[in-house]
Amino acid sequence: MSTPGVLSFTQQAWEQVLAKVKRAVVYLDTACAESLHWGCGASRLLEAVGSPACYLREFEPAAVGGGAEQPKAVFVLSCLLKGRTVETLRGIICRSHFQYCVVVTAVNHAVHLTANHVPAAAAAELEGQQPVFEQLEEKLCEWMGNMNYTAEVLHVPLLLAPAAPHLALTPAFASLFPLLPQDVQILNSARPDKRRLGSLGEVDATALTPELLLQIRCLVSGLSSLCEHLGVREECFAVGSLSRIIAADLANFAPAKNRRRTATGRASVVFVDRTLDLTGAVGHHGDNLVEKIISVLPQLPGHTNDVMVNMTELTALRAEEENWNMVAPGCLAQSHDPAAKALWEALLNTRHKEAVMEVRRHLVEAASRENLPIKMSMGRVTPGQLTSYIQLFKNNLKALGNHCGLLQLGLATVQTLKHPQAAKWDNFLAFERLLLQSIGESTMSVVLNQLLPMIKPSNQRTNDDYSPEELLVLLIYIYSVSGELSVDKDLSEAEEKVKKALAQVFCEESELSPLLQKIAGCDSSVNLTFHKSKSAMDELFTSLRDIAGARNLMKQFKSVYVPGNQTHQASYKPLLKQVVEEIFNPERPDPVDIEHMSSGLTDLLKTGFSMFMKVSRPHPSDHPLLILFVVGGVTVSEAKMIKDLVPTLKPGTQVIVLSTRLLKPLNIPELLFATDRLHPDLGF
């Protein structure tokens, strides 16, 4: 039996669901669909349903109900069974002919008690009982119209979308993002003067909104189930203010206490706030093909971590834009195809040049196995060369079926290499390198003045120029890598010039993208006045200064910028790299910025005694498994860097990288300017 990991955790959870779905109409919400997509694939669910008709539907208020010949329904949901979610359930069931309903929730019963305001002491007395689920079962029978019909409500931890053995995402928490100083002002507006918070460092669980606190508890419920599957008792650590709250909640999660007593393995779980280093999230220094694919290809609808691959190349249709939607798109996740999965993992773990050669090698080998008339060519790999190999499969249905997953990854590679944005990647990289040198040699005002000529209205821009969204990405890079700013007259004047130039560009856009609409607070540039646009820029620069000051509370991880000298150019040192190097520092100093979260009286006593007795405090390098959870998203390059770095620092240590989502540069402005950070939509 293989070692338990993120893939076995996800597949084991889905096996519990698949056992219930035979001949059922199955309704999934988008987060569970994404977990299925990466964990075992929709084809596995269709096999388990075993019906010739396609009975998969999206869980939404307008979803089609079940007909007279469809007596069974299974609802697979990532959220709490409360409010709008229950109303949607009721609506679907009442307009159907179901006699047997199963509702699966990814959130365990203990969190449902919290959501229903059951005090902790009362919840402890209910151990082993599930009154919330039982009440819903009664309601389901009532909505089906007969109390003798069958209803089941159960918890299955469908938390993860495993992208690789070392990397998994949490689709239901894709919008979870660390707080910024401006959020403290919003939290303070609901607090009495005497209890006002002075900084992010003072934010604890009691200061958060009920919705955000509940969202964190839902995440913690899933992570606790993961630790149970891995057979580990976890020590929780945190870098950053929101990470501290999540780590403390996991450390003190009441349902985990019995599990921890019997666990034979040990693990360190280290949470890190993304906002402490946005440079890595918006930068283009990751020499990775997958990162470029995710950045340039359109997002797969309803997904946060996969893209659409245009498959018309393998059909008789002309490859014109109007035909793209006539053929179902391909994607990156190939959970049911071992050969394609092996290529996918190779792409995640190699540099761009080697990855493109790996794609060619796999295509050549597949064509040879199918006896297709392949013409070998060595040297540099070109998009045209890859396309010629892919087209060999075009009129051979058997070969197409055998290698469908590989062809999707091959086409994703070709479409990325040919994409205009891929050429721009190198422009970004060159400008970022120039910025790193400028930051060391000049003031921030000089750096901003260098950016000014690049801010152009749409009627003056060429394909090589930066769009307003791309300029936001560059500004986030500049402020994040610079760190704490000394504000003076020159900086204020330079910022004012950039604000005015950007405000004018916003007003002159022919069409505002969803992101620009969110920032400007206006759905059309026609209705956007310069005054309103300038006010939006003032708020934008408040956020940028918050980003620059994000590491102010750190003592050790204060900078991600390494100044140049006679032998080396200035460079960027990722915060995640600094954290991992500190965890495995051979001298094992007490971590300064990596805080340990105690899980009860024993830990508190241990910490207290360590002040005057020789008692070793828990250290994140103590255990054979390190789980690093980046709150707010991680890039493919960062996950690879962590995977490669840990074995060099402490051989034998296993590492798993978890995060809320896979990031591309444009995700960061979207997450930064989201209006629901403090009030996430939990479906009720």
Side-chain angles (χ1 to χ4, degrees), residues 163 169 174-175 177-178 180 273-300 303-308 332 348 352 412 415-417 419-436 439 447 451 454-455 461 463-482 502 505 513-516 518-519 540 543-544 547-548 550 560-561 572 574-576 630-641 659-674:
L169 299 316
S175 64
F177 200 70
L180 293 167
D273 278 6
R274 174 78 265 177
T275 42
L276 295 172
D277 176 12
L278 293 179
T279 311
V282 296
H284 295 71
H285 11 64
D287 185 19
N288 185 279
L289 175 62
V290 175
E291 206 158 281
K292 293 173 186 175
I293 291 172
I294 289 168
S295 295
V296 307
L297 295 191
Q299 198 167 291
L300 194 62
H303 288 248
T304 50
N305 303 299
D306 208 342
V307 297
M308 288 198 289
L332 301 177
L348 286 174
H352 175 97
Q415 287 159 29
T416 299
L417 296 176
H419 201 285
Q421 283 298 116
K424 223 172 189 182
W425 188 279
D426 293 335
N427 296 354
F428 269 106
L429 182 58
F431 190 68
E432 286 160 7
R433 284 177 176 159
L434 184 66
L435 282 172
L436 287 173
I439 287 163
V447 173
L451 190 70
M454 299 161 65
I455 305 172
R461 286 200 299 268
N463 288 339
D464 292 333
D465 290 317
Y466 294 103
S467 68
E469 293 89 342
E470 290 167 339
L471 289 166
L472 292 178
V473 164
L474 286 174
L475 281 166
I476 291 166
Y477 185 96
I478 292 167
Y479 277 78
S480 178
V481 79
S482 297
L502 276 174
V505 163
S513 67
L515 173 60
L516 299 186
K518 196 181 287 184
I519 293 169
L540 167 70
S543 298
L544 290 171
I547 290 163
V560 293
Y561 177 73
Y572 153 70
L575 182 114
L576 289 173
V630 188
V631 182
V634 72
T635 67
V636 171
S637 296
E638 287 171 334
K640 178 186 181 302
M641 179 261 295
S659 190
T660 44
R661 65 187 296 160
L662 271 186
L663 286 175
K664 57 184 176 184
L666 276 174
N667 287 146
I668 291 299
E670 291 163 2
L671 290 163
L672 277 172
F673 304 114

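Heavy atoms only: backbone and side chains are in, while hydrogens, waters and symmetry mates are out.
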Output for pair (L180 CG, L672 CG), nearest 0.5 Å, gives 6.0 Å
Do the side chains of V636 and I294 get nearer than 4.5 Å, heavy atoms only? yes
Quick check against the 3.5 Å criterion: does E291 have a side-chain atom that pairs as donor or acceptor with the backbone of N288? no
Side chain proximity check, L662 to T635, heavy atoms < 4.5 angstrom: no
Working for side-chain contact (heavy atoms from CB on, under 4.5 Å), residues V447 and I439: CA-CA 7 Å; V447 173; I439 287 163; 4.2 Å; yes
Testing the basics here: between P665 and G283, what is the closest heavy-atom pair and its distance to 0.1 Å? CG-O, 4.3 Å
I need the minimum non-hydrogen distance between S637 and D287, along with the two atoms involved. OG-N, 4.2 Å
When you measure from the side chain of S659 to the backbone N and O of V630, does any donor-acceptor pair fall under 3.5 Å? yes
Quick one: are I476 and P669 in side-chain contact, heavy atoms under 4.5 Å? yes
Donor-acceptor pair, T660 side chain versus A174 backbone, under 3.5 Å? no
Any donor and acceptor pair, going by atom type alone, linking the side chain of T416 with main-chain N or O of K292 inside 3.5 Å? no
Any donor-acceptor N/O pair, Y572 side chain to G280 backbone, under 3.5 Å: yes
Give the C-alpha distance, both sets of side-chain angles, the deciding distance and a yes or no for side-chain contact (heavy atoms from CB on, under 4.5 Å) between Y466 and F431. CA-CA 11 Å; Y466 294 103; F431 190 68; 4.0 Å; yes
Do M641 and L576 pass the side-chain contact (heavy atoms from CB on, under 4.5 Å) test, and can you show the C-alpha distance, the side-chain angles, and the key distance before you say yes or no? CA-CA 9 Å; M641 179 261 295; L576 289 173; 4.2 Å; yes
For a 4.5 angstrom cut-off between non-hydrogen side-chain atoms, does V505 reach R461? yes
Rounded to the nearest 0.5 Å, what's the gap from CD1 on I293 to CD on Q415? Could you check? 9.5 Å
Could you give the distance from CG (L435) to OH (Y561), rounded to the nearest 0.5 Å? 10.0 Å
Give, for atom CZ of R661 and atom CG of N667, the distance between the pair rounded to the nearest 0.5 Å. 4.0 Å
Residues L540 and L502: closest non-hydrogen pair is CD2-CD1, 4.3 Å
Smallest separation among heavy atoms of A550 and L276, with atom names: O-CD2, 3.3 Å
Which of L666, L278, I668 passes side chain to side chain contact (heavy atoms under 4.5 Å, CB included) with V473? Answer is L666
Under a 4.0 Å threshold between the charged nitrogen and the carboxylate oxygen, would E670 count as salt-bridged to K518? no
Just so I know, are the side chains of V631 and R274 near enough to count as touching, which here means a heavy-atom distance under 4.5 Å? no
Find the distance between NE2 (H419) and OG (S295) and round it off to the nearest 0.5 Å. 10.5 Å
Calculate, to the nearest 0.5 Å, the distance between atoms CZ and CG belonging to F177 and D273 respectively. 9.0 Å
Under 3.5 Å, is there a donor on one side chain and an acceptor on the other for E432 and H285? no
Are the side chains of T275 and I547 in touch, meaning some heavy atoms are under 4.5 Å apart? no
L516 vs E469, side-chain contact (heavy atoms from CB on, under 4.5 Å): CA-CA, chis, key distance, verdict: CA-CA 7 Å; L516 299 186; E469 293 89 342; 3.6 Å; yes
Could you tell me whether a side-chain N or O of D277 sits under 3.5 Å from a main-chain N or O of L575, the two making a donor and an acceptor? yes
Determine whether V282 and L472 make a side-chain contact, defined as any pair of heavy atoms from C-beta on separated by less than 4.5 Å. no
Side chain of Q299, backbone of H303: donor and acceptor closer than 3.5 Å? yes
